[in-house]
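Working notes, structure below.
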Amino acid sequence: MSAITVRLPDGSSKELDGDVSAGALAQSIGSGLARAAVAAVVDGAEVDLSTELADGAEVSIVTAATPAGRDVIRHSTAHVLAQAVLRLWPGARYAIGPAIEDGFYYDFELPGGAHFSDDDLARIDAAMREIIAEDQSFVRSEHSIEDALDVFVDQPFKREIIEAVRDGADEHDAAAHSDDADRAISAYANGADFIDLCRGPHVPSTGRLGHFKLTRVAGAYWRGDEKRPQLQRIYGTAWESAKALAEHLHRLEEAERRDHRKLGAELDLFSFPDEIGSGLPVFHPRGGIIRRLMEDYSRERHASGGYEFVYTPHITKRELFEISGHLQSFADGMFPPMELDGGHEYYLKPMNCPFHILVYRSRQRSYRELPMRLFEFGAVYRYELSGVIHGLTRVRGLTMDDSHIFCTADQVPDELRFLLFFVLDLLREFGLSDFHLELSTRPEDKAFGTDEEWAVATEALRVAAQSAELELVMDEGGGAFYGPKISVQARDAIGRTHQMSTIQLDFQLPQRFGLEYVGADNGRHRPVMIHRALFGSVERFMAILLEHYAGALPTWLMPEQVRVLPVKGDIEPYAKTVVARLVAAGLRASVEAADSGVGARVARAKVQKIPYVLVVGDSDVAATTVGVNRRGSNDPERDVPLDRFVEDVAAEVAARGAGPQPEGVEPGE
RNA sequence: GCCUGGGUAGCUCAGCCGGUAGAGCAGCGCAUUCGUAAUGCGCAGGUCAGGGGUUCGAGUCCCCUCCCAGGCUCCA
């Protein structure tokens, strides 16, 4: 064994003698790095720490608390999961077990078609911890195809994967794996009882694992194909430290606490009656207030933004969607037709655009009328598969704040910029502030419109996006066949990204409907059409706001802004005058009579996330004051003059401020 | 749509090997009149999602339907 020299990421070199493994390199750099190391990257390829380094290799160490390091930990934990399941269910077949975002899974077929239960998760967890305590080494081996088929003779899923590699079904993968090993198959064994087909790398031994939790069991098709066997999948999460695991679990709890479906029931906002059907919500009075405020404010802004309001029906004859092309490309997403008037088929509308087009086309248009911005809160119905329906975010009946803009080609750049600033401004008013933009360009295959139209429109979108001074992510080839689009992505208070508004150019519909305007040259021209959704759907936007604010909506959107609690019965008349003052100032307020203790009533009001709870007693009657409890504070402010309180809250509402927020809720702006 | 797991009082849930339904909260009534996170007592509340079957007997076992949750492209 002679000394070798390897190069490190910082450009320096390191000489190794004797043990020339990647792990030894980490150790020679520092014991801290060695402890954190889980794998290495040698000349661009991820490898095990046990890999012997060649002279001149370029090496970096993969540490646990990095995306790549967590992948290794998760993938290794998935192996231990499979090993535990095979110990507990001899004869079980195991399929695939990759690392995924925040965790891992493994798919199994149990003997006799058995399936996992929640109790099993605890047993598997215990078996996994035994394997980890045994600190088994992960040992890599390489096999020829024939040899590998032999090793996995009782494992049909593994054999299928090996055969796929042999038959070159996995062409570029095999190439990336090794050019010269003649399609070698690698496997990792740990302990005497477990070997799994695997590309690696893995942590050196199972003792490096342990900060994991099995989360749920689910069914999943082999290779995601519903025609193939359904396997039993176990999901888990794994992290580099107990702290990181605890933080992840806390994030999950936080997301659950904010779940708009839960908040909707708790705050009495909306429900999904079985009698109506899946994905079809009803809004209760309190939810109705929020919705009306959202819509009213949106209308106000649209009116001052030069939009014109139109109203169109919910159903239409088949012909309209034939002209628009929706029936040809979108029929699966539409409710089936109803037959009326002796054989005419009528459809519930899944989109508003064709209707707005007919408004445009109702008479001859002049260039002087353009840009024409038509706006409608349009109720649309889409037949979503029952399995994908989710709360208010994926429904079968929804209300789009839909706008269609008709303009001349020359007007497109200015109009796009106008639209983008309009939507960003309104989203900010609702407290979302962390945006980025995504620009979807022409798809590879068939696309409507000429190359030049696409180039001009895409460039106009790019210029508009850049003028907004937000991060712009390109989605090359991600546009629809009928035109490029820009979408606004918003990050919420717990870091999730939601697609909000979209601005989409359409080269197809103006042509399909033969739209025209008469230009200054007295000639006929085709207008450009822009689709613009702002909230997207009012229902979904409400859900996003509820989760963003964890139910503690800004005061201006809260159904009940102030609740007044008289400490005892004879204070009630004063409490009523306080409410009258608040109502006169345009606020929504109520009294809760002294039928139960002040403590109990304050507790209830806090659960309901009322922004201001006023407690009034004898001293307040005497001095015309109130005791103010702000949402999120446990420190009441006594003897606040009523006049000042009314003035402050009215000003806050007028400014659409976030209002007092509970701890842990980001108020947005 | 398919798979897994669910559906018991308005809500959250308990209900064992099949023997005739239970708690907390909410609601209603009475008492309490209270100064900041839940006052006491009482009452009422159920087609155990719906339908069919097995059984002397079904919330419980079997089948169908509806509804809910999670998953079903992240390639060893």
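Every chain is numbered from 1 and lettered A, B, ... according to where its sequence line falls, protein lines coming before strand lines. Keep in mind the model is a prediction, meaning the values are calculated, not measured.
Remark: the separation of the P atoms in B:C48 and B:G19 is 16 Å, to the nearest Å. Rounded to a whole angstrom, the distance from the P atom of B:U32 to that of B:A23 is 27 Å. The same atom, P, is picked in B:G6 and in B:C17; the two are 15 Å apart, to the nearest Å. B:A9 and B:G15 are spaced 14 Å apart, taking the C1' atom of each and rounding to whole Å. As rounded to the nearest Å, B:G18 and B:C56 have P atoms that lie 15 Å from one another. Comparing B:G45 with B:G10, their C1' atoms sit 9 Å apart, to the nearest whole Å. One P atom belongs to B:U12, the other to B:A26, and the distance between them is 15 Å to the nearest Å. When the P atom is compared between B:U54 and B:A58, the two are found 11 Å apart, to the nearest whole Å.
If you look at A:Phe157 and A:Phe152, their ring centroids are not closer than 6.0 Å. Annotation: A:Phe108 is not in aromatic contact with A:Tyr94 [ring centroid separation under 6.0 Å not met].
Across the protein-nucleic acid pair, A:Arg261 atom CZ and B:U12 atom P stand 12 Å apart, rounded to whole Å. Here B:C75 presents its P atom at 8 Å from CZ of A:Arg199, a figure rounded to the nearest Å. Atom CD of A:Glu256 is separated from atom P of B:A69 by 13 Å (rounded to the nearest Å). Between A:Glu109 atom CD and B:U4 atom P there is a gap of 13 Å when expressed in whole angstrom units. For A:Ile571 and B:G35, the CD1 to P distance is 11 Å, given to the nearest whole Å. When rounded to the nearest whole Å, the span between CZ of A:Phe270 and P of B:G10 equals 20 Å. The interatomic distance linking A:Asp107 (CG) with B:C3 (C1') rounds to 12 Å, in whole Å. For the pair A:Leu267 CG and B:C11 P, the interatomic distance rounds to 16 Å; values are reported in whole Å.
In this structure, B:U60 makes no Watson-Crick or G-U wobble pair, since no nucleotide meets both defining distances under 3.5 angstrom. Nucleotide B:U73 has no partner under the Watson-Crick or G-U criteria, as no pair reaches both atom distances under 3.5 Å. In this structure B:C48 sits in no base pair that meets the Watson-Crick or G-U test at under 3.5 Å. Pair check for B:G5 finds B:C68; Watson-Crick or G-U wobble, both atom distances under 3.5 Å. With both pairing distances under 3.5 Å, B:C34 is matched to nothing as a Watson-Crick or G-U wobble pair. The nucleotide B:C11 finds its pairing partner in B:G24, both defining distances of the Watson-Crick or G-U wobble pair being shorter than 3.5 Å.
Side-chain atoms of A:Asp48 do not come within 3.5 Å of backbone N or O of A:Pro201 as any donor-acceptor pair. Remark: the backbone N or O of A:Ser205 is not paired with any side-chain donor or acceptor of A:Ser137 at under 3.5 angstrom. Distance alone, capped at 3.5 Å, is enough to place a donor-acceptor pair between the A:Arg159 side chain and the A:Leu149 backbone.
Using a 4.0 Å cut-off between a side-chain N of Lys or Arg and a carboxylate O of Asp or Glu, A:Glu160 and A:Lys158 do not qualify as a salt bridge.
Here A:His390 does not reach the OP1 or OP2 of B:C68: none of its side-chain N or O atoms lies under 4.0 Å away.
Taking for each of A:Asp620 and A:Leu385 the nucleotide of RNA chain B with the nearest heavy atom, the 5'-most of the two is the partner of A:Leu385. Nearer to the 5' terminus of RNA chain B, by closest-nucleotide assignment, is the contact made by A:Ile389 (compared with the other of A:Pro98 and A:Ile389).
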- Task: Step by step, work out the side chain to side chain donor-acceptor pair (under 3.5 Å) result for A:Thr555 and A:Gln561.
- Result: CA-CA 6 Å; A:Thr555 307; A:Gln561 296 164 321; over 6 Å; no
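Contacts of A:Gly279 with the nucleic acid, taken as non-hydrogen atoms under 4.0 Å apart, involve only primed sugar atoms and P, OP1 or OP2. As judged by a 4.0 angstrom heavy-atom cut-off over every strand, A:Phe272 is placed among residues making no nucleic acid contact. A:Asp618 comes within 4.0 angstrom of a nucleotide base, judged by non-hydrogen atoms across all strands.
Checking each of A:His260, A:Arg257, A:Arg258 against A:Glu547 for a side-chain hydrogen bond (donor to acceptor under 3.5 Å, both in side chains) leaves exactly one that passes, namely A:His260.
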- Item | Under 4.0 Å protein heavy-atom contacts per nucleotide of nucleotides 36-44 of chain B, with B for base, S for backbone only and - for none | BBBB-----
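Glycosidic conformation at B:C63 (O4'-C1'-N9-C4 for purines, O4'-C1'-N1-C2 for pyrimidines): anti, more than 90° from 0.
Between the CG atom in A:Leu553 and the NZ atom in A:Lys609 there is a gap of 10.0 Å [rounded to 0.5 Å].
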